[in-house]
Protein chains: 2
Amino acid sequence: MTGDRRGDLFSPDCPTRRLLDRLGTKWTSMVVGSLADGGELRFTELRRRAPGISQKMLSTTLQNLVLDGLVARRVEDTVPPHVYYRLTELGTSLEVPLSALREWAQQNMGRIDDHRTRTEADRAGAVARPALYSGRRPSGTAP
Amino acid sequence: MTGDRRGDLFSPDCPTRRLLDRLGTKWTSMVVGSLADGGELRFTELRRRAPGISQKMLSTTLQNLVLDGLVARRVEDTVPPHVYYRLTELGTSLEVPLSALREWAQQNMGRIDDHRTRTEADRAGAVARPALYSGRRPSGTAP
DNA sequence: CGGGATCCGCGGGGATACTG
DNA sequence: CAGTATCCCCGCGGATCCCG
């Protein structure tokens with residue numbers, strides 16, 4: 001639809017593949033969403049906003065985001081220390097297509113769920129068919 | 001930025017969370033991309049277009065997409081049978097935000113990689129700091 | 001041709017305990 | 001407060017074999 005091919009989608013270093021790998025990692029998109037929503041947040045505040053996350057996974061997720069340059073980390077050198085996280089420009093720019101995906105999800109996941117439950121109910125309609133194909137026939141060799 | 005809160009991002013049934021779970025599953029986005037690009041394709045043709053996919057994962061991925069209503073399955077009752085897959089309208093509509101994400105990835109993953117390699121090189125700049133905070137002080141109890 | 005059934009390795013990620 | 005270190009479980013996904 002866009003006009004360009006997607007044949008390179010499967011190359012091992014396909015950027016889309018790798019981006020989705022990261023976004024698919026359980027908490028990344030939520031943390032990004034929290035920071036997009038809350039501006040600059042501290043570690044514990046992020047934990048509060050992510051019910052169920054372990055501090056290990058929050059830590060790991062943030063480290064990756066910082067390494068990727070999507071999130072900036074700022075340390076206030078008090079005792080005890082305060083650490084703040086915020087989206088970089090790159091991270092903010094990611095929010096654009098990401099929020100488009102969120103919007104799609106909010107409007108359509110219901111339909112997906114409906115389709116699921118409806119088609120899963122059709123398991124009662126299964127019919128037993130007679131065998132139609134019994135193995136491949138190697139070309140050149142007779143049975 | 002959009003004006004609405006994202007506090008429900010963390011509810012267990014958050015649509016965005018669940019959508020990304022599926023897109024994050026290794027082959028889903030590629031299969032969707034292939035079908036968006038190739039129109040109606042047969043099982044084996046999809047395998048050809050996805051170097052490295054096992055038939056089990058292609059099968060599983062397609063089943064989920066069909067259950068979700070994103071992909072339609074059509075069986076031509078020949079011997080041996082021919083099975084065709086194509087995006088439904090819902091699936092095609094997903095391609096819109098998804099291609100936006102692809103575009104972002106193609107334009108920015110390079111910067112992410114650069115930031116990675118550069119900051120990972122800064123491991124040599126690590127400095128040992130003296131202890132500043134030795135455990136919490138329970139309020140009401142003296143050391 | 002288009003799958004299903006089974007086995008198994010690996011890594012994501014949760015729980016817990018400890019530290020600067 | 002903001003992490004690191006360790007252990008361990010479980011489910012994704014690859015390999016292989018078989019069937020309609």
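It should be emphasised that the depicted structure is a prediction, and the values quoted were computed from it without experimental measurement. Proteins come first, then strands; the chains are lettered A, B, ... in the order of their sequence lines, and each starts at number 1.
- Going from atom CZ of Arg47(B) over to atom C1' of dG2(C) covers 10 Å, rounded to whole Å.
- Taking 4.5 Å as the limit, every side-chain heavy atom of Arg74(B) sits out of range of all side-chain heavy atoms of Val83(B).
- Straight-line distance from the CG atom of Leu58(B) to the P atom of dG14(D): 11 Å, rounded to whole Å.
- Looking at heavy-atom distances under 4.0 Å, Glu45(A) makes no contact with the nucleic acid at all.
- Once rounded to the nearest 0.5 Å, the distance linking CZ of Arg49(B) with OG1 of Thr44(B) reads 13.0 Å.
- Nucleic acid contact for Arg73(B): sugar-phosphate only, since backbone atoms but no base atoms lie under 4.0 Å from a heavy atom of the residue.
- Atoms CE (Met57(B)) and C1' (dA15(D)) sit 13 Å apart, rounded to a whole Å.
- The side chain of Lys56(B) contributes no N or O atom lying less than 4.0 Å from OP1 or OP2 of dC12(D).
- Looking at Thr88(B), its side chain does come within 3.5 Å of a backbone N or O of Gly91(B) through a donor-acceptor pair.
- Put simply, the residue from Arg42(B), Arg47(B), Arg48(B) that forms a side chain to side chain donor-acceptor pair (under 3.5 Å) with Glu45(B) is Arg48(B).
- Residue Arg42(A) places at least one side-chain N or O under 4.0 Å from the OP1 or OP2 atom of dA2(D).
- Among the heavy atoms of the strands lying under 4.0 Å from Thr25(A) are primed sugar atoms or P, OP1, OP2 only; no base atom is included.
- Ser59(B) has a side-chain polar atom (N or O) that falls below the 4.0 Å cut-off from OP1 or OP2 of dG4(C).
- For Thr78(A), no side-chain nitrogen or oxygen approaches OP1 or OP2 of dC1(D) to under 4.0 Å.
- Atoms CZ (Arg74(B)) and P (dC1(C)) sit 17 Å apart, rounded to a whole Å.
- Rounded to an integer number of Å, the gap from Gln63(B) CD to dG3(C) C1' is 8 Å.
- The separation between Leu41(B) atom CG and dG3(C) atom P is 13 Å, rounded to whole Å.
- Between Asp21(B) atom CG and dG11(D) atom P there is a gap of 14 Å when expressed in whole angstrom units.
- Within the 4.0 Å cut-off from OP1 or OP2 of dG3(C), at least one side-chain nitrogen or oxygen of Tyr85(B) is found.
- Among the heavy atoms of the strands, none lies under 4.0 Å from Glu76(A).
- Once rounded to the nearest 0.5 Å, the distance linking CG of Asp21(A) with NZ of Lys26(B) reads 8.0 Å.
- Note on Tyr84(B): nothing from the nucleic acid sits closer than 4.0 angstrom, heavy atoms only.
- Of the candidates dG3(C), dC1(C), dG3(D), dC1(C) carries the atom nearest the Pro81(B) side chain, counting heavy atoms from C-beta on.
- Phosphate proximity of dT16(D) to Gln55(B): absent, as no side-chain N or O sits under 4.0 Å from OP1 or OP2.
- Distance from the side chain of Lys26(A) is smallest for dG14(C) among the nucleotides dG2(C), dG14(C), dA2(D).
- Note: CD1 (Ile53(A)) to C1' (dG12(C)) measures 13 Å, nearest angstrom.
- From Tyr85(B), atom OH reaches atom CG of Leu70(B) across 14.0 Å, with rounding to the nearest 0.5 Å.
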